[in-house]
Amino acid sequence: MTHSTPKFARSARPTLLNAAVTAVFFLTLVMALYELDGQRYHSAKTVIVRENFDDIFNLPDTLRNYTHDAYYGAPDGREGALKSLRKEVAALLSGPTSIYRVTLTGPNGNLVFDEEQ
């Protein structure tokens with residue numbers, strides 16, 4: 001008596017093998033492209049964003065005023081400036097911008113506030 005494998009099993013094995021090899025190939029390709037982007041273009045994109053920040057992100061002028069007053073203003077006016085700054089940042093984060101987080105650190109490196117959408 002001979003043992004034979006079902007026709008489905010004989011025809012499914014090459015198909016599954018081809019699908020697995022193709023999936024591994026595309027996964028490797030995507031990972032290689034991601035790594036290439038990280039090595040070559042990430043630093044260039046960072047420089048572009050830092051140099052053209054004001055052109056890319058159209059921020060209200062009052063943010064700079066409130067930030068300056070919150071840092072260097074009179075001690076009795078800092079809380080009011082910080083409160084106004086928080087309102088402006090909340091409006092900025094909820095608006096149609098690509099900014100999703102604002103972290104403000106003081107001149108000496110301490111965290112003033114960290115708002116996130």
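Values in this document were obtained by computation on a predicted structure and should not be read as measured data. In what follows, residues are counted from 1 in the order of the sequence shown. Because only heavy atoms are used, hydrogens play no part in the values below, and waters and symmetry mates are left out as well, while side chains stay in.
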Co-membership, hydrophobic cluster, residues Tyr41 and Val49, 4.5 Å side-chain: no
Heavy atoms of other groups near Asp61 CG, more than 12 under 6.0 Å: no
Pairing residues for Arg50 by the salt bridge (Lys or Arg N to Asp or Glu O under 4.0 Å) criterion, not counting sequence neighbours: none
Heavy-atom closest pair, residues Glu88 and Pro60: OE1-CG, 3.7 Å
Backbone N/O of Gly73 and side chain of Arg78: donor-acceptor pair under 3.5 Å: yes
Connected via hydrophobic side-chain network under 4.5 Å: Tyr66 and Phe53: yes
Distance, nearest 0.5 Å, that separates CG of Leu82 from CD of Glu79: 6.0 Å
Connected via hydrophobic side-chain network under 4.5 Å: Tyr72 and Phe113: yes
Gap between atom NE2 of His68 and atom CG of Leu63 - 0.5 Å precision: 14.5 Å
Same cluster (ILVMFWY, side-chain, under 4.5 Å), Val89 and Leu111: no
Inter-residue atom distance Thr105.OG1 - Tyr71.OH, 0.5 Å rounding: 5.0 Å
For Asp37, side chain to side chain donor-acceptor pair (under 3.5 Å) partners two or more places apart: Lys45
Flag side-chain contact, heavy atom, 4.5 Å: Leu104 against Leu85: yes
Shortest non-hydrogen contact between Ala81 and Ala70, atoms and distance: CB-N, 3.7 Å
Side chain proximity check, Phe25 to Thr22, heavy atoms < 4.5 angstrom: no
Shared hydrophobic cluster for Ile56 and Leu93 (ILVMFWY, side-chain gaps under 4.5 Å): yes
